[in-house]
Number of protein chains: 2
Amino acid sequence: MATEIKENGVNKQFAVPYYEIPYEKFFQFGMSVDSIVFGYHDDQLKVLLIKRGAAPFQGQLALPGDLVYPNETIEVAAHRILKDLTGIDEHNVEQTKTYSAVDRHPVARVITTGVYSIIDIAKHDPHASAWAEGVYWTSLEDVPQLAFDHDQILKDAVDILRNKVRKEPIGFELLPEKFTLADLQNLYEALLNVKFDKANFRKRILSAKFLKDLNEFQEGVPHRPARLYSFDSDKYDELRANGFSIQI
Amino acid sequence: MATEIKENGVNKQFAVPYYEIPYEKFFQFGMSVDSIVFGYHDDQLKVLLIKRGAAPFQGQLALPGDLVYPNETIEVAAHRILKDLTGIDEHNVEQTKTYSAVDRHPVARVITTGVYSIIDIAKHDPHASAWAEGVYWTSLEDVPQLAFDHDQILKDAVDILRNKVRKEPIGFELLPEKFTLADLQNLYEALLNVKFDKANFRKRILSAKFLKDLNEFQEGVPHRPARLYSFDSDKYDELRANGFSIQI
DNA sequence: AATACTTATAGTCATTTGTACAATTAGTTC
DNA sequence: GAACTAATTGTACAAATGACTATAAGTATT
């Protein structure tokens, strides 16, 4: 290891020789994370927006997001921030893209990473807290102009979600433990904003073999009760390990 | 717009009320970019590595990357840095992921975004400059342990590249203006590390209709000369606009 | 208790796509 | 001209897709 030159406890040798810009300037970025939380309920796909209660863009709708703490990863920050602003706790996030336009934040140089997740609206009860003045589940077609570059961030996230959904079982956590094929079809139709033929959807899903037939049936419906299934994640992992991938 | 509280020219109202951590601490991130440059030549897929001539990880192989300037986007920085370190100028980059583990950089808090591109090895002549002590085209299977978390960054990039390649025409800039179907097949085989049946590959590609038949033929080959094609980007854009997507 | 109504599920069938492989073609080299 | 190499075309069967019909199993209505 080469000799280390330390200043304020920070080794700067690796950067110094090649830049004319003062060293400190390289370490003045703010990092933020913006969550695209998709929600599903009653066959509808929505996105969670907050009303900003602080400048900039005070009063305007935005994706829930904020600055990353110095000792956090993006993913940890996403979890904390979403909980702070909306009370929503549990969610598995995945990155979309990182946005670094120099003027994307009107106040400081802030680079942001988008992360998305899908949750069951019925299982969560968001409420505005911290500097959020309101939280709203909004249908995609009703989303108004958002703060910052959040329009673009949301658009990109929708694209990524729809691509993902077609390639692997996603969103089983959005259905009850036991669900019917019609439930599953409704979920996919809401996520993708398309309609499938019922008979063919059934064939395709069943041929993928990651559903467990529970040999139970719906009750209390005013028509022929449907068969209940559950998601067989062991089977799915096994299929996946063998390089298998479905196509919806 | 709410009243703005400025300090050192920076509006801090939006952050201050909710954090116990001093404001400045949120703006001490370093941002870097690491380029995964895939190269193609002689039916081989390689990745461009540099030997680090500065701490940390001095002497070790790494992806070419460095800190983003305060006035640059990630993409602009990627271009500049790759040129500085290797002399490679033109390349279209796309993001892979952003890495934010708190200790991923041993010296400072640096978040990095991966970007990848594919270039024709024959058309570029990389040479080490700035703090790079060497530049190497390395076959994927020969890549040693890399600096930082670059092993993971490279692995993720390969996955993303391979996914991408299967879904849209990519890498036509890696072939000469006029190429044969065998050339194209070799390219895909190198990128994906698989083998295709020649007859079936031909049928699939031609049915996608984004190749222009030039009605010209190879010359000087010791066997039946192959028909030459070029990539018809007008046709491709048209197909793409109609929601069309190929599957290799 | 028969009929209407609703949704689930099964089956049919023509079409397209995928895959393996054989056959033919068009050049060069010996 | 025969042998060789690789390009290209063709063929045959399997599998997947998609539109559609038929039947089943419940409840609600009369």
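Lettering of chains follows the sequences in order, A, B, ..., and the numbering in each one begins at 1. Note that the coordinates shown come from a computational prediction; the quantities given were computed from them, not determined experimentally.
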Within the 3.5 Å criterion, strictly below it, is a donor on [X] or [Y] matched to an acceptor on the partner's side chain?
X: B:S117; Y: B:N92; value: no
X: A:T98; Y: A:T113; value: yes
X: B:Y40; Y: B:D43; value: yes
X: B:Y99; Y: B:D156; value: yes
X: B:Q95; Y: B:E75; value: yes

How long is the line joining [atom1] of [X] and [atom2] of [N], in whole Å?
X: B:R227; N: C:dG27; atom1: CZ; atom2: C1'; result: 14 Å
X: A:R204; N: C:dT16; atom1: CZ; atom2: C1'; result: 14 Å
X: A:E219; N: C:dA8; atom1: CD; atom2: C1'; result: 16 Å
X: B:K209; N: C:dT17; atom1: NZ; atom2: P; result: 11 Å
X: A:F179; N: C:dT7; atom1: CZ; atom2: P; result: 20 Å

Check: What are the 5'-most and 3'-most nucleotides of DNA chain D lying under 4.0 Å from any heavy atom of chain A?
Finding: D:dT17 to D:dT27
Under 4.0 Å between a Lys/Arg side-chain N and an Asp/Glu carboxylate O for [X] and [Y]?
X: B:R227; Y: B:E216; value: no
X: B:R80; Y: B:E72; value: yes
X: B:E173; Y: B:K123; value: no

Next item on the list: Starting from the 5' end of DNA chain D, give me the residue, B:P222 or B:Y229, whose nearest nucleotide shows up first.
Entry: B:P222
Item checked: Interface residues of residues 195-202 of chain A with DNA chain D (non-hydrogen, below 4.0 angstrom) -> A:D197, A:A199, A:N200
Next item on the list: Take A:T180 and B:G220, find for each the nucleotide of DNA chain C with the closest heavy atom, and name the residue whose nucleotide sits nearer the 5' end.
Entry: A:T180
Next item on the list: Classify the side chain of A:R224 versus the base of C:dA8 as yes if they form a donor-acceptor pair under 3.5 Å and no if they do not.
Entry: yes
Note to self: With ring-ring contact (aromatic ring centres under 6.0 Å, His included) as the criterion, how do A:F196 and A:Y188 come out once you've worked through the C-alpha distance, each side chain's angles and the decisive distance to 0.1 Å?
What the structure shows: CA-CA 9 Å; A:F196 294 113; A:Y188 273 95; 7.2 Å; no
